[in-house]
Structure formats: C-alpha cells, structure tokens
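Only one structure is covered here, and it is reproduced in the block below.
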Amino acid sequence: MNKYSKGIILAGGNGTRLYPLTSVLSKQLMPVYDKPMIYYPLSTLMLAGIKDITIITTPRDNEAFKNLLGNGDEWGITLHYKIQKSPGGLAQAFLIAEEFIHESPVALILGDNLFAGTDLTRILEKSKNNNKGATIFAYTVKDPERYGVINFDKQKKIIDIVEKPKEFVSPYAITGIYFFDETVTKKAKTIKPSKRGELEITDLIKLYLKEGNLNVEIFGRGMTWLDTGTFDSLHDASSFIKTIENRQSLKIGCPEEISWRKGWINDSQLRDLSIKYIKSGYGEYLSKLIEAF
C-alpha cells in the first residue's frame with residue numbers, strides 16, 4: 001500500500017465570493033469549461049495514485065455531490081462523504097475526517113484548486129514517498145499578500161510561514177494541496193481558533209516546521225495553479241482549460257482517463273463510460289482513447 005493511500009477533498013464553505021451563483025449550488029459543482037470543478041482536484045489525487053478519498057461538503061450540497069460522483073466504483077476508486085456543518089477553517093478537515101484517516105498519512109486538496117503541468121504526476125509521487133512530516137507546494141505569484149507565503153533563506157530552507165503578509169516576504173505562495181503524516185489529526189486537535197474563529201492550515205503547517213519535519217516542493221514554469229474561487233479566476237480557469245484541450249486534443253482533469261491509464265478500469269469499462277456521455281462529446285473523447293492506444 002502506498003504511504004499516502006488516503007486523500008481528502010475539502011469542498012465545503014459558502015462560496016460567498018461567487019454569490020449569487022452559489023446561492024443554491026456549491027462552487028465546486030460549477031463548470032470549469034467542460035467539467036464540474038470537483039473533477040480537477042479529484043483527478044489530481046488520482047494522478048498521485050490515491051484511490052481512497054473522502055469529500056467534505058456542506059449539508060445542503062452533500063446529496064448533489066453523491067449524485068454526481070457516486071461511490072467511485074466506476075472509476076476504480078472509493079469515495080466517502082462527510083459534512084462540514086459550518087466553515088471552521090481548512091485544518092478542521094482533519095477533525096471531520098478523523099475516523100476516515102485513522103492515524104494514516106493523508107493528502108488534502110482544496111475543492112476549488114486546479115493543478116496542471118507535465119511534471120505534476122512526478123512531483124506528487126515524489127512527495128507521496130516522503131518518509132515523515134508534511135509536504136507543501138509553493139508557486140510564485142504577483143500578489144503574495146493574498147496567500148500564506150513561505151519565507152526562505154538563501155539556501156531555500158524554510159524560515160517561516162507568513163499568512164497574508166502586509167509587507168513583502170517572498171513571491172512563493174502556498175498552494176491548496178498538502179501531504180501530512182499520520183500525526184496530522186493529533187496536531188490539528190492542538191490548534192486554537194484564529195481571530196476569525198477558524199482552525200488555520202498555516203498554524204498546522206507551522207507545527208511541522210517547528211519539528212523540522214516540513215518539506216516544500218516548488219512548482220516551476222511548466223506548472224499551472226489556479227484558485228477558482230472568484231468570478232475572474234473561474235473564467236480564467238475555464239479559458240485555460242479550453243485553450244489547452246482544444247489545441248492538444250487532450251483533456252485535463254478527466255477521472256475516466258486517469259483510472260484507465262493507471263489500470264484501475266479496463267477497456268470495456270471505459271467504453272461503457274464513453275457511451276454514458278456520448279452526446280456531449282466527452283464520451284466521444286473517451287471512446288477515441290481506446291482506439292488511439
């Protein structure tokens with residue numbers, strides 16, 4: 001069994017930055033070009049080889065996610081569902097999913113984050129094989145004041161994590177995917193709510209930094225990270241996916257293709273899935289995969 005055999009997708013929250021769109025529907029169910037937003041973080045975990053996944057949703061949207069994704073059988077994975085009654089911070093995910101984690105290492109990805117790039121699978125698999133501690137992923141941004149930022153020394157060793165710095169610290173923002181060892185739930189229980197009443201992921205990461213067990217991977221020029229939680233970023237993400245897919249005739253964030261290429265489902269199962277979506281063009285793409293292989 002892989003060290004990181006379990007994953008969590010945090011798809012809770014009220015999505016207030018996308019009102020009125022999210023007044024009746026979770027932002028993670030909104031379309032990013034030709035697929036629901038949730039497909040992208042789900043696919044990222046699958047690319048890392050993670051097949052046992054819990055999706056944390058709001059009470060209102062839980063059934064909608066179940067109707068869309070089911071139990072994961074058709075993709076050769078296992079999906080579970082937990083409810084976040086009210087937004088309590090990213091680190092709250094480990095308390096909600098404590099029974100699922102059961103003292104195992106676990107990967108967490110935010111439901112509105114999109115990752116793409118030729119090195120993505122290699123980087124994720126490398127991080128998954130770390131022996132202990134936590135691994136976070138950094139990405140250079142022009143507006144680091146909006147994010148948790150990593151302060152490095154000259155040898156690229158982490159000095160500190162600064163949440164939404166008012167003064168420039170570095171351009172390296174912490175992205176929305178994290179790998180934590182089996183002590184994560186125990187650590188999450190020691191965190192105190194911040195001034196805004198939430199359990200902050202930055203405080204959890206700092207516990208690993210204090211132990212000397214925090215690793216960082218820097219996403220380079222060939223990687224793309226998008227947070228799709230605003231109108232502009234949602235539009236940008238859709239435009240990005242449309243441009244890449246139309247130019248290359250390859251899909252980004254396609255769970256069916258990933259599970260098939262990893263051998264979790266066979267040709268016959270992929271063909272059945274292609275028939276399910278054949279009228280949308282999505283199914284046509286899946287059927288052509290078998291022919292082209």
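The shown structure was predicted, so the numbers you read here are calculated from the model rather than taken from an experiment.
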Distance from Ile53 atom CD1 to Ile9 atom CD1, nearest 0.5 Å?
5.5 Å
Whether the side chain of Thr57 engages the backbone of Ala11 through a donor-acceptor N/O pair (distance < 3.5 Å, no angle test) should be reported.
no
Can you confirm whether Ile252 sits close enough to Glu245 that some side-chain heavy atom of one is under 4.5 Å from a side-chain heavy atom of the other?
yes
Non-hydrogen side-chain atoms of Phe94 and Leu199 separated by less than 4.5 Å
no
Does Asn215 reach the main-chain N or O of Ala134 with its side chain, forming a donor-acceptor pair under 3.5 Å?
yes
Aromatic contact, Tyr81 with Phe65 (centres under 6.0 Å):
no
Full working for side chain to side chain contact (heavy atoms under 4.5 Å, CB included) between Trp225 and Ile177:
CA-CA 10 Å; Trp225 168 53; Ile177 183 169; over 6 Å; no
Kindly compute the distance separating OG (Ser287) from OH (Tyr277), expressed to the nearest 0.5 Å.
14.0 Å
Should we count CD of Glu103 as having more than 12 external heavy atoms under 6.0 Å?
no
Between Thr190 and Lys187, the two heavy atoms sitting closest are OG1-O, 2.6 Å
Is it the case that the side chain of Thr175 and the backbone of Phe137 share a donor-acceptor pair, with hydrogens and angles ignored and the cut-off at 3.5 Å?
yes
Passes side chain to side chain contact (heavy atoms under 4.5 Å, CB included), Val149 versus Val141? Steps please.
CA-CA 10 Å; Val149 173; Val141 296; over 6 Å; no
Identify the two heavy atoms, one from Ala91 and one from Ala188, that lie closest to each other, and give their separation to 0.1 Å.
O-CB, 4.1 Å
Using 0.5 Å steps for rounding, measure from the CG atom of Asp61 to the CD atom of Glu63.
10.5 Å
Donor-acceptor pair, Ser233 side chain versus Asp227 backbone, under 3.5 Å?
yes
Any Ile96 side-chain heavy atom under 4.5 Å of Lys85 side chain
no
Decide whether Ile83 and Leu79 are clustered together by the hydrophobic rule: side chain heavy atoms of Ile, Leu, Val, Met, Phe, Trp, Tyr closer than 4.5 Å, transitively.
no
Hphob cluster co-occupancy, Leu214 + Ile159, side-chain heavy atoms under 4.5 angstrom:
no
Charged N-O contact under 4.0 Å between Lys276 and Glu256:
no
Student check: side-chain heavy atoms of Ile205 and Phe180 closer than 4.5 Å:
yes
Tyr178 vs Val184 side-chain heavy atoms within contact, under 4.5 Å
no
So, the side chain of Thr183 versus the backbone of Lys186: is there a donor-acceptor pair under 3.5 Å, distance only?
no
Ile244 and Leu250: same hydrophobic cluster, using ILVMFWY side-chain contacts below 4.5 Å?
yes
When rounded to the nearest 0.5 angstrom, what is the spacing between CG in Leu209 and CD1 in Ile158?
6.0 Å
Counting only N and O atoms by type, is there a donor-acceptor contact under 3.5 Å from the side chain of Asn113 to the main-chain atoms of Gly176?
yes
Side chain to side chain donor-acceptor pair (under 3.5 Å) for Gln28 and Ser26? Distances and angles first, verdict last.
CA-CA 5 Å; Gln28 288 88 6; Ser26 167; 2.7 Å; yes
Just do the side chain to side chain contact (heavy atoms under 4.5 Å, CB included) check on Met37 and Asp112 with the steps written out, would you?
CA-CA 7 Å; Met37 188 186 297; Asp112 62 355; 3.6 Å; yes
Are Ile174 and Val162 connected in the hydrophobic side-chain network, where two residues link if heavy atoms are under 4.5 Å apart?
no
Which value, rounded to the nearest 0.5 Å, describes the distance between Ile109 atom CD1 and Phe115 atom CZ?
5.0 Å
So Leu90 and Leu110, do their side chains get closer than 4.5 Å, heavy atoms only?
yes
Taking all heavy atoms of Ile50 and all of Ala107, pick out the closest pair and write down the distance.
CD1-CB, 3.7 Å
Do Tyr285 and Trp260 have their ring centres less than 6.0 Å from each other?
no
Any side-chain heavy-atom pair from Lys156 and Tyr172 closer than 4.5 angstrom?
yes
Are Tyr147 and Tyr139 an aromatic pair, judged by ring center distance below 6.0 Å?
no
Compare every heavy atom of Tyr39 with every heavy atom of Gly253, then report the nearest pair and how far apart it is.
O-CB, 3.7 Å
Looking at every heavy atom in both Leu47 and Glu125, which two are closest together, and how far apart are they?
O-OE2, 4.0 Å
Is it true that Lys251 and Glu257 make a salt bridge, defined as a side-chain N closer than 4.0 Å to a carboxylate O?
no
Flag the pair Lys262 / Met46 as yes when at least one side-chain heavy-atom distance between them is below 4.5 Å, and no otherwise.
no
Centre of Tyr40's six-membered ring, under 6.0 Å away, within 45 degrees of the axis: is that where NZ or CZ of Lys35 sits?
no
Leu286 CG to Leu273 CG distance, which is reported to the nearest 0.5 Å:
7.0 Å
Given side chain to side chain contact (heavy atoms under 4.5 Å, CB included), test Leu120 with Met223 step by step and report yes or no.
CA-CA 7 Å; Leu120 180 60; Met223 288 292 302; 3.6 Å; yes
Got a donor-acceptor contact below 3.5 angstrom from the Lys82 side chain to the Thr54 backbone?
no
If you look at every heavy atom in Leu226 and Ala237, which pair is closest and at what distance?
CD1-CA, 3.6 Å
With hydrophobic residues grouped by side-chain heavy-atom distances under 4.5 Å, do Val32 and Met30 end up in a single group?
yes
